[in-house]
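Whatever order the structure lists them in is the order used to number ligands and atoms, beginning at 1. Residues take their numbers from the sequence shown, with the count starting at 1.
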Amino acid sequence: MRVLKFGGSSLANAKRFLDVAKIITNKAQQDDIAVVVSAPQGITNHLVYLADNIGSREAIDDGLTKFQQASNTIVEALSLSVDGFVGSKVSEYVTDLVNQLDRYLEGAHLLAYCPDHINARIISLGERVSVSILEELLSAQKRAVEVIEPAQFLYTNNTSLNAIADLAKSKAEYASKYSKLSGIGLMPGFIGTNIDGQLTTLGRNGSDYSAAVLAVCAQAEVCEIWTDVSGVYNADPRAIPSATVLDYLSYQEAMELSYFGAKVLHPKTIGPLAQHHIKCYIKNTSCPEDKGTLIGNEKSEGKSVKAISNLDDLTMINVSGPGMKGMVGMASRVFEAMSHANISTVMISQSSSEYCISFCVHTADAKRAKKSLHQAFELELFNGLLEPIKLQNKLSIISLIGDGMQQQQGVAAKLFSSLAQARVNVIAIAQDSSERSISVVVEERKATDAIKVCHQNFFSHHQSIDVFLVGCGVVGSELIEQVARQQKALAAQNIDLAVYGIANSKGMSVQSGGIDLSNWQDFLNQSESRIALQVDEVKDFVRKNHLINPVLVDCTSNEDLAMSYVEYLEQGFHVVTPNKKANTDSWEYYQALRNAAQQTKRRFLYETTVGAGLPVIDTLQNLFRAGDELHQFQGILSGSLSYIFGKLDEGMSISQATAIAKENGFTEPDPRDDLSGMDVARKLLILAREAGMELELSDIDIEPVLPEHFDDQGSISEFMTNLESIDEYYANKVSEAKAQGKVLRYIGNIVDGQCKVTIEAVDGAHPLNAIKDGENALAIHSRYYQPIPFVLRGYGAGAAVTAAGVFGDLLRTLAWEQVN
Ligand code: ADP
Ligand code: ASP
Ligand code: MG
């Protein structure tokens, strides 16, 4: 004998009913079968809503119509497509159900109260609809069907809405009433009866449990749960799209998993099956050929975590106070109070000081739990032996589950470091001595982040980088192109790099699931999903989309944005930027940035602020960490000025050289930013501060490229025209130098704790003589590098190298780097 259970998702519409009928007829050819059905998808929710909203007669009428319509939509579609399907028969039955429903609701409406046993009757009606449709459908296909009535045999305790089956009695009654089925057995799930003949329900999602009880009663060898997924996944596939199906689970693993929230199985299902060694399969109605998951008696092989689950909607109750300490029987009184109120506790943790017992209950039970505790501990509370009972709601439990976790070291450590990585605070912890599960209580709003990171670290080994790019000028757009080109190759290395937001002057255009970078410009122009470039708004998006490694990439030279980095770091973003403004603001802000990054365990990365793509900052930081000290520095730090001064050697005028540099995108949009010397001064200050020098921008001695007498006011184009007025001045300077066998170079120096930016004439023997055409060179004289300096040299300008440097910083935000 084989029991097949079809859930509401498998009975959502006419097409699904046909799929179900096909599976049933196939199976019936191989074996004796009995089928358990849920209500068509959505119907029980609707009935629950009606039972909870009995206040208005109008709403009731509206609800009745919807119930009837939902059922008849399926019936009508089947009447049209299946020969011999007598829709009117089913519709008449549905009308009977509607009348029953009307009576229950009207009664409750008049009473202004819906007692639990009436509530149970109301919410159980959806299963009847499914049985009626399927019975007619199978009959139309000439299959003999016998309806099994749970009220006849499935005995439960007295709880109307979350009843527990009495297996022994049910088995005996079943044997006496259904010893031999005349055809395919067909039973509504979710329903039971108490000893007084009063209808009970088995709790939401309880048809799985009905199937398990029927399997026991009918002495089935197999119980198949048919649903809308291809088995049990190693995490909820709705929350974790990369979750994978498990081939096998032991009964114990399945029990833990369902108990801790995996909705695919009702928590009480596995108990009866395990007790009677009945194999259980989880199968997909839409893909019956998929293998599914087998749940059986053997312990799982392998030494690892099998799955992660989360159980939401919990409240934690804390009972604490001096009266708890060492007092024998306190815990038993607490849980007696719970059992008295018929409340199940989901997880318990107690401190070894015995000062406090914390436990979780479903939020729906929290108020009653508190009341029951107040009654049980009235005296202790009155005398101050107990502190007021504290409730914390909106909590979830995240559990790691697997037989293989036993005796394994490091699982808990990995769990906690994953939670830290997701910036999730752990409120309570529990692991029982079977070591088959470890559970932590976290805030519900953080639960998806938590399972996402745990899944990455335990299973998929994928790491994500979630980019929010501000500025899509030369460097920003080149970065996007580079990311677009590399996304696939990185994914093959388990790195999911996605851009979620791109900001321009209009605000930040965002896209859940990541922007398709192949046409990002169109996206930017047409985007309707735009948020303000404000920390709160971006953070809100990150939270809603459960992004766990958000990075703000600032490719602007904007000062205001630079001054908000601390806030971004504090809100859990890494900050990556070629923008020099933040690092050259006050020493105080410089320190604040570093403190924020350290405290939030996020990274502030700015490799490209000096020497564009050349590995300057990271190299220096490593040297200084290793005890090196800067003695002296000399270098050409500006790609644009390297280009312009190089062109002067070749006899080009300064105005012409600047114009070409500007045209080629070597200069800042306003070339005055380069020619003022400020850009080089900022780079020098960044280097000096890296070396530990506590300097301000105003401490840097700058000799601007533009002579003092030059009027640099006006628009960019006016300035470019005016520039011709100093052509002669520079031509003279260049020929003076040439006469001495020298060339002019724009050089940054750090000597004796002083930073200087100067125009120098250098001869052929000078190492910076050959540095031109946009090249940068940095000569670092240090404690370790002497007398020969450490020299870095290479192209120091241009979008490609700068963007590649930013890209490198992005990759440094990956989790394995953060841990170090
Ligand atoms: P049915 O209507 O068939 O009873 P349910 O909606 O009750 O189906 O259960 C199936 C759903 O359980 C899946 O669609 C899936 O979203 C959810 N689910 C949660 N956790 C898991 C898991 N670990 N494996 C598979 N499905 C899961
Ligand atoms: N129809 C019931 C519910 O939605 C039982 C079930 O689907 O298992 O809770
Ligand atoms: Mg279900």
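Under the 3.5 Å distance criterion, with hydrogens and angles disregarded, a donor-acceptor pair is assigned to the side chains of S230 and N284. For the residue pair N297 / H277, a side-chain donor-acceptor distance below 3.5 Å is found, with atom types taken as modelled. When only modelled atom types and interatomic distance are considered, T156 and T200 share a side-chain donor-acceptor pair under 3.5 Å. For the residue pair S512 / N545, a side-chain donor-acceptor distance below 3.5 Å is found, with atom types taken as modelled.
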Every pair of nitrogen or oxygen atoms between ligand 1 and the protein that is under 3.5 angstrom apart - can you list them with their distances to 0.1 Å?
{"residue": "ligand 1", "atom": "2 (O)", "partner": "G8", "partner atom": "N", "Å": "3.1"}
{"residue": "ligand 1", "atom": "2 (O)", "partner": "S9", "partner atom": "N", "Å": "3.0"}
{"residue": "ligand 1", "atom": "2 (O)", "partner": "S9", "partner atom": "OG", "Å": "3.1"}
{"residue": "ligand 1", "atom": "3 (O)", "partner": "S9", "partner atom": "OG", "Å": "3.0"}
{"residue": "ligand 1", "atom": "3 (O)", "partner": "T227", "partner atom": "OG1", "Å": "2.7"}
{"residue": "ligand 1", "atom": "4 (O)", "partner": "K5", "partner atom": "NZ", "Å": "3.2"}
{"residue": "ligand 1", "atom": "6 (O)", "partner": "K263", "partner atom": "NZ", "Å": "2.9"}
{"residue": "ligand 1", "atom": "7 (O)", "partner": "N205", "partner atom": "OD1", "Å": "3.0"}
{"residue": "ligand 1", "atom": "8 (O)", "partner": "T227", "partner atom": "OG1", "Å": "3.1"}
{"residue": "ligand 1", "atom": "12 (O)", "partner": "V264", "partner atom": "N", "Å": "3.4"}
{"residue": "ligand 1", "atom": "14 (O)", "partner": "D228", "partner atom": "OD1", "Å": "2.8"}
{"residue": "ligand 1", "atom": "14 (O)", "partner": "D228", "partner atom": "OD2", "Å": "3.3"}
{"residue": "ligand 1", "atom": "16 (O)", "partner": "R238", "partner atom": "NE", "Å": "2.9"}
{"residue": "ligand 1", "atom": "23 (N)", "partner": "Y233", "partner atom": "O", "Å": "3.1"}
{"residue": "ligand 1", "atom": "24 (N)", "partner": "Y233", "partner atom": "N", "Å": "2.8"}

What short N/O contacts, under 3.5 Å, does ligand 2 make with the protein, listed by atom pair and distance?
{"residue": "ligand 2", "atom": "1 (N)", "partner": "T44", "partner atom": "OG1", "Å": "2.7"}
{"residue": "ligand 2", "atom": "1 (N)", "partner": "E127", "partner atom": "OE2", "Å": "2.8"}
{"residue": "ligand 2", "atom": "4 (O)", "partner": "T44", "partner atom": "OG1", "Å": "3.4"}
{"residue": "ligand 2", "atom": "4 (O)", "partner": "R204", "partner atom": "NH2", "Å": "2.9"}
{"residue": "ligand 2", "atom": "7 (O)", "partner": "S38", "partner atom": "OG", "Å": "3.3"}
{"residue": "ligand 2", "atom": "8 (O)", "partner": "N205", "partner atom": "O", "Å": "3.3"}
{"residue": "ligand 2", "atom": "8 (O)", "partner": "G206", "partner atom": "N", "Å": "3.3"}
{"residue": "ligand 2", "atom": "8 (O)", "partner": "S207", "partner atom": "N", "Å": "3.0"}
{"residue": "ligand 2", "atom": "8 (O)", "partner": "S207", "partner atom": "OG", "Å": "3.1"}
{"residue": "ligand 2", "atom": "9 (O)", "partner": "R204", "partner atom": "NE", "Å": "2.6"}
{"residue": "ligand 2", "atom": "9 (O)", "partner": "R204", "partner atom": "NH2", "Å": "3.4"}
{"residue": "ligand 2", "atom": "9 (O)", "partner": "N205", "partner atom": "N", "Å": "2.7"}

task = Any chance you could lay out the side-chain hydrogen bond (donor to acceptor under 3.5 Å, both in side chains) test for S399 and E256, step after step, and finish with the verdict?
result = CA-CA 9 Å; S399 306; E256 297 277 348; over 6 Å; no
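Taking the six-membered ring where tryptophan is involved, the planes of F6 and W226 are essentially parallel, since the angle between them stays under 30° and well short of 60°. Note: H266 and Y209 have parallel aromatic rings, judged against thresholds of 30 and 60 degrees for the angle between ring planes.
With K414 contributing its side chain and N457 its backbone, the two residues share a donor-acceptor pair below 3.5 Å. Side-chain atoms of K283 come within 3.5 Å of backbone atoms of P288 as a donor-acceptor pair (strictly under, hydrogens ignored). At least one donor-acceptor pair under 3.5 Å links the side chain of S309 to the backbone N or O of F260. Remark: side-chain polar atoms of Y178 are not paired, donor with acceptor, to backbone N or O of G185 under 3.5 angstrom.
With sequence neighbours excluded, the residues that form a side-chain hydrogen bond (donor to acceptor under 3.5 Å, both in side chains) with N157 are T159.
Listed by chain and number, the protein atoms of type N/O/S under 2.8 Å from the Mg ion (ligand 3) are N205 OD1; waters are omitted.
In this structure, A215 and C223 approach most closely via the heavy-atom pair CB-CB, 4.1 Å.
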